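Here the structure is laid out as structure tokens; the discussion comes afterwards.
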Number of protein chains: 2
Amino acid sequence: MKLTQGADYGMAAVLYLSQRSEDRRYSLDEISRATEIPEEFLRKIFQTLVKSGIINSFKGRGGGVSLARSARDITVAEVIKPLEEEMGLVRCLREKENCPRSSECMASNFWRKTQQNFFEILNSTTIKDLIEGGKQNARKG
Amino acid sequence: MKLTQGADYGMAAVLYLSQRSEDRRYSLDEISRATEIPEEFLRKIFQTLVKSGIINSFKGRGGGVSLARSARDITVAEVIKPLEEEMGLVRCLREKENCPRSSECMASNFWRKTQQNFFEILNSTTIKDLIEGGKQNARKG
DNA sequence: CCTTAATTGGACTAATTTAGTCTTATTATA
DNA sequence: TATAATAAGACTAAATTAGTCCAATTAAGG
């Protein structure tokens, strides 16, 4: 039961940007050194986050990345989901077809709910909440 | 974000036993065929569950396995935890030493809480609850 | 317009983890 | 004593994950 390293790093990178001036662009080199995330890996992570609209990137001289939105408007779920390739706690929930075994389906109903509960937390927590700390569960209600 | 196959199978096997007469012992061969879990793998899973006290096993002719306790007294957490080797959603939470990066620690506080919340659900749901279905969240309170 | 500093995209590789198997030993019963 | 079972643990294969590399593109500055 763990997140991919990419998701873990992704959060760190977004948190890094969120705590800094939004006027600037930050090169991967700079972020990589500050966060100790391997640069080439970080590059791939940002490519994903750019596609999902959380990060803006700029090519060429003076280029780099920046948050596409305010940290107040980015949820943890938005960072994690695109970086977690395989979702679904158990095989049943990952497969297309329905499982033939009824006993497993009892379990999968449970896992489905538990997983939903998990993602509700991620959906209702913003990056800003994390920075402010402790208040995660007092949101979006 | 997924459970190991062992944990997934483990639940299926425990559910299988829970839905059958408690007077008998069930051979791995029988359980394996009924649940379609590979027998040798199932064997390893039961070995783990025996160690953690959920399952009783009996060697020799007429041997096999049975639930050590009533399904009403076995929680999902008890089945999952021993079968999930690496716990901890993110690297920070898996490592012994504290992380040097403050930005990640903001995240890890959040992940710690979220993970706790997850395990609270597993702790408060019994196998019996799953079989009865739907009532998972109306327990332990 | 040419050089340089940056990202993009995608193929590639290495390491780790996971899933599953095999083999030998032990045990209980008929 | 033969047989039908689990125990323990080493081993292997497959899959996933983490991380790297490289050729192409793009934008800015001189």
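None of the values given here were measured: they were computed from a predicted structure. Convention: sequence-line order gives letters A, B, ...; per-chain numbering from 1.
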Interatomic distance, [X] [atom1] vs [N] [atom2] [rounded to whole Å]:
X	N	atom1	atom2	value
A:Ile31	C:dA6	CD1	P	12 Å
A:Lys51	C:dT7	NZ	P	16 Å
A:Met87	D:dT17	CE	C1'	16 Å
B:Phe46	D:dA5	CZ	P	15 Å
B:Asp29	D:dT3	CG	P	18 Å
A:Tyr26	C:dA5	OH	C1'	18 Å
A:Glu36	D:dG19	CD	C1'	16 Å
A:Leu28	C:dG9	CG	P	13 Å

With B:Gln115, which residues qualify under side-chain contact (heavy atoms from CB on, under 4.5 Å), at least two apart?
B:Leu89, B:Leu93, B:Phe119
Residues in side-chain contact (heavy atoms from CB on, under 4.5 Å) contact with A:Arg94, at least two apart in sequence or another chain:
A:Glu86, A:Arg91, B:Lys2, B:Gln5
Can A:Thr126 and A:Asp129 be counted as having a side-chain donor-acceptor contact under 3.5 angstrom?
yes
Any residue meeting salt bridge (Lys or Arg N to Asp or Glu O under 4.0 Å) with [X], in chain and number order, not counting sequence neighbours:
X	result
B:Arg24	B:Glu30
A:Asp73	none
A:Arg61	none
B:Glu85	none

Residue list, side chain to side chain donor-acceptor pair (under 3.5 Å) with A:Arg112, at least two apart or on another chain:
A:Asn109
Can you check each nucleotide of nucleotides 12-23 of chain C against protein heavy atoms at under 4.0 Å and return B for base, S for sugar-phosphate only, - for none, in 5' to 3' order?
------SSBBB-
Scan for side-chain hydrogen bond (donor to acceptor under 3.5 Å, both in side chains) pairs involving residues 41-51 of chain A, sequence neighbours excluded, and state none if there are none.
A:Glu39-A:Arg43, A:Glu40-A:Arg43
Check every strand shown and say whether A:Phe58 touches a base, only sugar-phosphate, or nothing at a heavy-atom separation below 4.0 Å.
sugar-phosphate
Mapping B:Lys59 and A:Ser57 onto DNA chain C by nearest heavy atom, which one lands closer to the 5' end?
A:Ser57
Hey, is the main chain of A:Ile37 close enough, under 3.5 Å, to the side chain of A:Ser32 for a donor-acceptor pair?
yes
Tell me, which of residues 60-70 of chain B have any heavy atom that sits under 4.0 Å from an atom in DNA chain C?
B:Gly60, B:Arg61
Terminal helix-axis angle for the helix from C:dC1-D:dG30 to C:dA30-D:dT1, with five pairs defining each axis and rounding to 10 degrees
0°
Provide the full list of ring-ring contact (aromatic ring centres under 6.0 Å, His included) pairs with a residue in residues 31-54 of chain B, sequence neighbours left out, each pair given once.
B:Tyr9-B:Phe41
